Amino acid sequence: MLSAVNVTTARRLGQQWPGLLSLGLILLISLLAFGALAGWGRSDVATELWQEPWFWQLLRFSLWQALLSALFSVVLALPLSRALALDSALPGTERFLSWCLLCFVMPSLILITGLVALFGRSGLLTPWLGDSWRLYGLNGILLAHVFLNLPFAVRVLTFQWRSIPPSAWKLASQLGITGWQRFRLVEWPVLQGVLPAVAGFIFLLCFNSFAVVLALGGGPAASTLEVAIYQALKYDFNPSEALFLAWVQLLLAGSIYLLFSRLGRFQWLAPVEAPQQHWLPRQPIWLIWGGRCSYLLIGLFLMLPVWVLVPLAFRADIGFLLQTGLPGIIGRSLLLACGAALLSLLLSLSLLSLWRALPQGFWRQGVAAAALYPLIVPAMVLSVGLYILLMPHLDWQVWGWLAIMLINALIALPFAFQQLRPAVSNYQASYARLLADLHPGRLTEWRLIYLPYLRPVLQRVLAICFVLALGDMSVFAIFGSDTWRTLPWLIYSLAGSYRVAEAALASLMLLFLAFAVLRWLETRHA
Amino acid sequence: MPDWQVELRVRQLAVRRGELQRQYDFTVASGELLVLMGPSGSGKSSLLECLGGFLPADQGSIWLSEQRLDSLTPEQRPVSSLFQQYNLFEHVDVATNLRLGFTRGSPTPLQWQKVEAACEQLGVAGLEQRLPAELSGGQRQRIALIRTVLREQPILLLDEPFSALDEHSRYLAGDWIGECLKQTGQLALLVTHQPLDAERWADQTLKI
């Protein structure tokens with residue numbers, strides 16, 4: 001009888017060629033990228049940079065800006081999340097939380113244009129900021145990083161605060177526990193588990209941040225490893241230097257990830273449910289109004305950079321934009337993002353189907369590890385490795401689009417895999433026996449049962465992968481070229497040549513595309 | 001519907017669940033219903049799981065006429081099961097759930113006619129467009145039972161198929177199963193806690 005089980009596994013594995021193919025593809029790309037890092041190509045790793053003072057300055061700044069961004073994001077999110085969870089009089093909280101989701105996945109170039117329009121040299125708010133104000137440098141980087149990551153922290157923390165059961169509040173109140181004691185006994189336990197993980201994750205995102213630092217960094221004094229890799233490769237054409245910096249980036253980002261992934265788990269995409277009308281304790285008046293003020297201020301901070309684009313966009317010179325080939329650029333952006341999102345979904349579905357065919361244990365964990373490992377390896381490192389190794393054999397002018405799609409799909413893969421895995425597990429747990437009994441055939445199962453089961457999650461994942469790929473700057477920075485730009489790169493070059501109004505209009509278009517796809521896919525499943 | 005002329009032979013089959021091991025030895029002929037009775041936890045469901053291929057046996061053999069079944073995977077066994085729970089896909093409608101009993105989820109017109117007639121007979125007609133969550137426990141159980149019995153497999157394994165049914169529906173369902181077995185030559189093992197079920201429908205009773 002035991003042999004029957006083995007037969008099943010072997011036969012199922014035979015049907016898993018798409019999953020095996022995906023696994024092979026991921027391993028191949030990684031092997032090539034690491035091959036370049038290991039010096040297979042013609043370029044050596046410039047290890048002598050170790051002794052250069054600017055390298056240490058670069059490293060210090062990369063870590064420092066990431067640390068400050070993570071700290072500000074989390075600290076500012078705390079009072080706001082508490083208010084969102086506990087103050088039932090706040091208006092529009094659910095809309096605000098949806099907006100937070102959009103902010104977190106928003107293509108950073110939209111935000112950058114908005115920040116330039118508000119705080120740039122001739123920005124709307126600049127006159128009130130004093131003569132010594134400069135957007136470019138640490139100021140701008142922090143503003144942008146907090147804008148992008150604070151909403152993420154808000155969502156996670158609100159979710160945690162709302163997960164406190166009503167009975168805990170009631171019990172605390174009956175026992176006469178209030179104020180600081182209540183925070184320590186009732187609230188802290190739900191936060192404790194996620195705070196380090198959230199801060200660590202934001203730290204990593206900011207450490208790997210590319211577009212923000214490229215656009216708002218101020219020369220060599222305020223640059224990060226990611227940008228330095230790009231500059232070494234594309235401006236100085238110094239592959240050895242790029243390889244050395246990529247190594248450093250890989251080792252640091254990898255260890256940061258491994259460190260914080262042990263700190264705890266959290267949820268951010270799960271729709272934050274509206275609080276039920278259950279009994280909540282009375283708060284001191286200063287705390288209530290403190291929370292409301294933070295709602296107002298952070299709300300303004302998260303809206304203004306986008307709102308400011310609207311009046312600006314009316315002043316845009318449309319003729320000039322059309323000269324840049326805007327329709328073609330939009331089409332190309334859409335195509336690349338659709339391709340990357342679909343590919344990511346295909347990769348994760350095929351890997352998950354391999355994953356569920358395998359028995360629990362080593363091989364199953366191996367498949368999951370392959371899907372999740374792009375989290376540890378920064379996209380810039382993969383891109384640079386692949387670019388340098390294949391440079392002598394491939395014309396990247398011709399084949400760059402393929403690499404852009406592929407690497408963007410790989411970047412989104414861990415996210416897609418992690419979002420889909422619980423649904424696939426549930427499906428397996430509920431229906432494995434029934435399916436074995438009915439054995440409807442693979443195609444029938446996928447068409448009639450499996451895909452309909454996954455559809456709500458699939459649509460959400462597809463939308464978010466699409467938006468992530470739509471905003472991509474870093475992969476395009478390596479493989480793209482000025483002769484066939486994408487929308488974010490058009491915005492970047494417009495903003496760089498002081499065409500802020502045109503940049504604003506293009507940013508709004510990008511935002512519209514992102515928003516439209518998110519809405520479309522969300523209403524379709526509702 | 002094929003007319004089965006088969007015989008299920010279970011020989012010295014040792015089934016273990018936890019510490020408890022039981023041995024079974026019985027034969028069921030075409031068109032017959034074997035009722036399994038016994039207290040909870042006595043191993044009735046384990047026997048069905050073993051016949052379905054979900055639980056390996058310690059020793060012994062299972063034969064369907066000349067074909068040995070115990071080395072086959074669950075997918076390969078000529079068996080149709082009604083489990084105690086998770087019989088319906090919750091996210092697809094009743095009609096699709098019923099259709100999934102047939103090859104590629106598309107029954108022939110004749111097969112579908114039988115499904116419709118059975119729905120009529122058991123009092124669950126007109127529910128095709130609903131999702132399982134919109135049905136009562138008894139309706140769900142009858143829908144699942146119809147699919148299980150009308151799948152063209154010679155062996156039916158029914159684990160408490162009447163547990164959610166009132167007395168009237170229970171009689172209808174039991175009689176309908178009996179008719180089907182006589183018409184098609186399928187054979188069935190049925191687990192129940194009600195001695196009356198055995199009296200009314202059993203060709204053989206196995207007390208565990």
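Note that this is a predicted model, so its numbers are computed, not measured.
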Answer key: most heavy-atom pairs under 4.5 Å with chain B among A:Leu443, A:Ile449, A:Leu448, A:Thr444 is A:Ile449

Within residues 91-100 of chain B, contacts to chain A at heavy-atom distances under 4.5 Å involve B:His91, B:Val92, B:Thr96, B:Leu100

Sorted by chain and residue number, the side chain to side chain contact (heavy atoms under 4.5 Å, CB included) partners of B:Ala198 (sequence neighbours excluded) come out as B:Val35, B:Met37, B:Ala202, B:Thr205

Distance col, row B:Ser80:OG vs A:Leu438:CG, nearest 0.5 angstrom, shows 7.0 Å

Heavy-atom count around B:Arg104 CZ within 6.0 Å, excluding the residue itself: above 12? no

Of A:Ala432, A:Pro452, A:Gly441, the largest count of non-hydrogen pairs under 4.5 angstrom with chain B goes to A:Pro452

**Any A:Arg433 side-chain heavy atom under 4.5 Å of B:Glu49 side chain** = yes

Okay, B:Leu88 and chain A: the region with an atom under 4.5 Å from a heavy atom over there is backbone

Margin query: Heavy-atom count check: over 12 atoms from other residues, nucleotides or ligands less than 6.0 Å from A:Trp363 CH2?
Written below: no

Salt-bridge test for A:Asp437 and B:Arg151: reply yes if a basic N is under 4.0 Å from a carboxylate O, no otherwise. yes

Check: Do the two ring centres, one from A:Tyr431 and one from B:Phe89, sit under 6.0 Å apart?
Finding: yes

Q.
How about CD on B:Glu179, more than 12 heavy atoms from neighbouring residues, nucleotides or ligands closer than 6.0 Å, or not?
A. yes

Applying a strict 4.5 Å limit to non-hydrogen atoms, the region of B:Gln59 in contact with chain A is neither

Test item: A:Leu435 and B:Glu75 side chains (from C-beta on) under 4.5 Å apart, heavy atoms
no

